[in-house]
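Notes follow once the structure below has been shown.
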Amino acid sequence: MKADRRAVLGIGAGAVVCAGGAGALALRDPPLPPGELAGADMVRGHRLRDGGFPAPGRFEKAEVVIAGGGIAGLAAGWRLAEAEFGGFRLLELEDSIGGNARGGANAVSAYPLGAHYLPVPNREAGALRLMLRQLGMITGDRDGVPVYDPAQLCADLQERIFWQGRWQEGLIPRTGLSPADRRDLAAFQQAMAGFSARTGSDGRPAFAVPMAYSSRDAELRALDRQSFAAWLDAQGWRSPVLRAHVRYAMRDDYGTEPGDVSAWAGIHYFAARRGWAADGAGGNELTWPEGNARLARGMAERLGGRIAPGMIVHRVARDGDGLAIDAFDARRGDTVRLSARAAILAMPRFVAARVCPEAGGTEGFGYAPWLVANVTVDRMPRGRGVPLAWDNVSAASEALGYVVATHQGPAAISAGTVLTWYLPLSDMAPADARRLLVDRPAEEWKRIVRDDLLVSNPELEGAIRRIDLWRWGHAMIRPVPGFLDRADAAPPAPPLFLAHSDISGLSLFEEAHYRGVHAAEAAMAHLGHAHETLL
Amino acid sequence: MAEGDPATTRTFASAPAAALLASAFVVATCGLIYELLASTLASYLLGDSVTQFSTVIGSYLFAMGMGSWCSRYVKRDELRLFVRVELLIAVLGGFSAAGLFLLFPIVDHFRVALYGLVLAIGFLVGLEIPLLIRILRGFDFREVVSNVLTFDYVGALAASLLFPLVLMPYLGMIRTGFAFGFLNAAVALALLMVLPRGGRLRMERVAAVLILIALAAGFAASDRLQRWAEVAGYGEPVIYAESTRFQRIVITRRDADLRLYLNGNLQFSSRDEYRYHEALVHPAMGRVADPRNVLILGGGDGLAAREVLRYPQVRSLTLVDLDPGMTGLFQKSGMLTALNKGSLTDPRTRVINADGFRWAREATGSYDAIIVDFPDPVDYSIGKLYTETFYRAAARLLAPGGMMVVQSTSPLVAPKAYWTVATTIEAAGLTARGYHAYVPSFGEWGFILAARGAIPAQARFPEGRFLTAATEPQLYDFPPDMARRPTGVNRLDNQILVREFAEAWGKYEG
């Protein structure tokens, strides 16, 4: 009997091993695909914080120095070039320009690293529209209404959402809704349409893009004193479907939870867009495989050789009527001092305040961290329901979904593509989130990205070739309650000018562009350079 | 564990006897499941479910009879043989669904494999009951027969209910096969462990464990197997199946009828493709005074090219098709070049493998005739090939006096989609004229002629089996159910065509 029992045990153990083996086969964890971990240059950024730059060894002159080659700095440069203002230079800390609007490329496609689209601008965004004309994105007019290049407008299908196991068109689920969901969604949309059509007591639109054109009506500005979540609660709109959509929107544009977003900014997201275009394209976006890097490149091409990358501006101080700008040349390893008649600090406030205390305080300026993953796949994603869209959002995920780089590509049909996957780390304090962003190993991030994609697109199993990660420590200014007052703070005295979307408090291309153009025109006015305002 | 031998205790309450009866139940369930699997799979792959179920069940029962009859030749060691039979059934039954699915596209005589397997499993299952009765011979015969057959029939009921209600909807055929094979092997292993004499059968134990591992692995890999077996969704025998980088190419053949499917959508049937291709090519070619330089966009099967090359004036034919897998196949396979008359290897033909949208927008050149033969606009990617942007690009390539033709889905099933193509071509600055032809395997099919200026009224072309000078003018007549209606323009950023097409064909899952 003993022998038998041993045999039974042996077979039992064998069965356990066999079941385990089968389980391991079923739940096997294949090795993660290769890919790089990159991001805003932390060494250079931290060097700025820690100091220790050599004393200036070279001395040069410039009329205007633009410090920062993100969208605000490029727009300032574009505006100066537009007014035929010579003698300016643009210094960028990183090796490439574009800031959040940078892009990458591999053999499959170009892809965005951050900002990836521009909604068709409102009628009030005249400066931006002029630029879009020059870049060939607006091709003409029909009955006085701008016609956009159909190849640069986001191709159909624009958006789909993974909801209850199926893909549906749009970003708001249409099926499986309770009567309360339908009621709250309808009431919310009606309220937002009301805000969109509303004019303030000063005759300006209640909500505009750029936001500087918005009404200053006290009743509207009072919305900035509470969070969007609190405002929604006060309306009695608690439908989980509505609240999930609102959360998606706030994290998408602001990287911030609705409970932390100013109600004014929250409503701005839904009520400020009134795109002005022929052929019914007003609700569409402009987008490109490489995202807004296309716009950055378009502006940069007009600046020619005035752009100097790898230049860390680390001190800006008054010097007589002008300014002394010290920049460390990362390539040569020395500091050059530029004597300029004016400077435009086109950098986020926490950097500007460090290089020039006069730039203003940093209180209230908080920035949301993001992780962006570019996932190269050798099969096109599919899934049950409507076919692949440009923007694919999963209601089942903490991430914001993925955009398909080849959607706007030159070809109609691609065998493989690059999916740009976005995750704002909005559910914890930004400083903690930044630490997590740095501390969590790349392999762990990759696993998170892969597993998230395979939930909504299991057909991609085995098709992921690369996962390239990009960490944004300070991706977006957070429009927290009270942010509107910041834009009213007195700017530093000329010849120092500030340009950044964080002045608007909304991390949007249009805001950065507006602030850049605004600073450039102020600088030209100060220096007596004749120009006609585009604002 | 209960002591003693069934031959001496003579009561069914003992563990070995209970185990044997339980195995009768499991064996009966598994046996019927394999029978149902084979029938379902045969109906699925070969169609005509009445025939498949009848013949599979008939041959299965016949094989069971043969098995029972042959059991007389087993003289001793029934338990060992019973266990071995169990294990063999576990292997054959467990892998039956996966194996048949995978074999289907690659064997010429699928029925031989199917019935061979059905006969083998039936034979083995037929052996089981006589063996079981003999193993239990120490018991009261009346009770043995009653018990064994009761469990056998109750097991059959369990299987017949489980199969349609639980197994098919939740596990699918391939997983069900593996799951029941596993159960079969597990029963064999359990018997070896419970029965006092089982300890002697070491080889069988090892085999049982190995078989269990193999079946569990198969179960775990079922998803992948299912993907490989996806070609099974065709009505006719699959003779070729390949996934290229861009699409799934499947060719089926039933008797003389050769069919091409791309991603599951029928592209042609050799029985009536001449109707489609004559109607596609000749109205456009016949309206060009001297068609020397011709462009085909799509049409990687070379059938439109075959019609184009019937014109002696043609000096050069450029064919742009996305997929080298497709054009390569239609250049090399003898069966397919017989169909396209070697049009893709003709010295006048130049094959370019490129994306039509990109190629047309970047190309320079001048073509007397442009034949646009893309797949139907089933998704937004293919939909780009039907946009104003695309037609503007194609129009640039049209020589003075040149003609373009676009295959444009069915004006009967999807009249809105069909006329949207015409409206879009007009929005691109061309003159458009619709016509249609009846292609039995497609139904009523539509095309749009396009030209920079007026479209000539008369066409001169080599007469074919379908299109003649007398029948051609009839194609332009649209009865009211297909008549032109106002539509929008299909634009890149608003692809109304894809939505209209999907709505009309009832494929849209919004």
Side-chain angles (χ1 to χ4, degrees), chain A residues 1 3-5 7-8 10-12 14-15 17-19 21-28 148-158 166-169 174-175 279-281 284-285 378-380 382 384-390 406-416 458-459 461-462, chain B residues 1 3 182 186 189 192-194 196 198-199 202 205-206 208-210 212-213 215-224 227 244-247 322-323 354-359 361-362 374 378-385 387-390 489 491-496 498-499 502 508-510:
Chain A
M1 237 29 247
D4 267 5
R5 195 153 292 158
V8 169
I11 289 164
V17 168
C18 138
L25 266 172
L27 305 169
R28 73 202 179 289
Y148 283 81
D149 176 8
Q152 302 189 63
L153 286 168
C154 183
D156 221 353
L157 186 67
Q158 276 110 19
R166 288 178 73 82
W167 291 97
Q168 295 190 2
E169 187 172 346
R174 296 174 188 191
T175 58
D279 298 327
N284 206 342
E285 298 104 14
D378 54 18
R379 269 203 287 281
M380 297 305 281
R382 291 214 300 265
R384 291 176 65 204
V386 298
L388 187 65
W390 169 65
T406 51
H407 188 84
Q408 294 292 101
I413 296 157
S414 324
E459 75 280 3
E461 169 114 49
Chain B
M1 190 185 284
E3 288 286 335
F182 194 89
L189 189 60
L192 289 173
M193 284 156 55
V194 173
R202 292 202 184 278
R205 285 190 186 196
V206 173
V209 170
L210 289 178
L212 281 171
I213 292 173
L215 288 166
F219 188 87
S222 290
D223 269 338
R224 187 156 305 170
R227 265 207 299 282
T244 70
R245 286 171 68 228
F246 300 99
Q247 58 197 345
L322 178 65
D323 193 352
D355 182 87
F357 188 73
R358 181 177 195 159
W359 187 88
R361 296 209 303 161
E362 291 171 359
F374 289 130
V378 291
D379 62 37
Y380 295 93
S381 300
I382 301 174
K384 288 184 175 182
L385 300 164
T387 55
E388 186 190 337
T389 304
F390 174 77
V489 174
R491 297 160 42 91
L492 269 181
D493 58 322
N494 186 11
Q495 292 195 27
I496 55 173
V498 175
R499 293 159 212 268
Y508 197 58
E509 305 172 286

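In what follows, every chain begins at residue 1, and chains take the letters A, B, ... in the order their sequences are listed. Computed from a predicted structure; not experimentally measured. Hydrogens, waters and symmetry mates play no part in the numbers below; they use all other heavy atoms, side chains included.
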Quiz item: Among A:A411, A:C154, A:G409, A:A389, which has the most heavy-atom pairs under 4.5 Å with chain B?
Solution: A:A411
Quiz item: Which of the residues A:A281, A:A412, A:G462 is involved in the greatest number of heavy-atom pairs with chain B at under 4.5 angstrom?
Solution: A:A412
Quiz item: Can you tell if the side chain of B:R499 reaches within under 4.5 Å of the side chain of A:V386, non-hydrogen atoms only?
Solution: no
Quiz item: Checking side-chain contact (heavy atoms from CB on, under 4.5 Å) against A:I413, which of B:L322, B:D323, B:D379 comes through?
Solution: B:L322
Self-check item: Pairwise distance CE(A:M380) to CZ(B:R245) - rounded to 0.5 angstrom
Solution: 11.5 Å
Self-check item: Contacts of A:Q152 that satisfy side-chain hydrogen bond (donor to acceptor under 3.5 Å, both in side chains) - sequence neighbours left out
Solution: A:D149, A:W288
Self-check item: CZ-CG distance between B:R491 and A:L153, expressed to the nearest 0.5 angstrom
Solution: 7.0 Å
Exercise. Give a yes or no on whether the backbone of A:P150 and the side-chain of B:D493 come within a donor-acceptor separation of less than 3.5 Å.
Key: no
Quiz prompt | Listed partners of B:F357 passing ring-ring contact (aromatic ring centres under 6.0 Å, His included), at least two apart | solution = none
Quiz item: Relative to chain A, which of B:F390, B:W359, B:F219, B:F246 shows the most heavy atom pairs under 4.5 Å?
Solution: B:F246
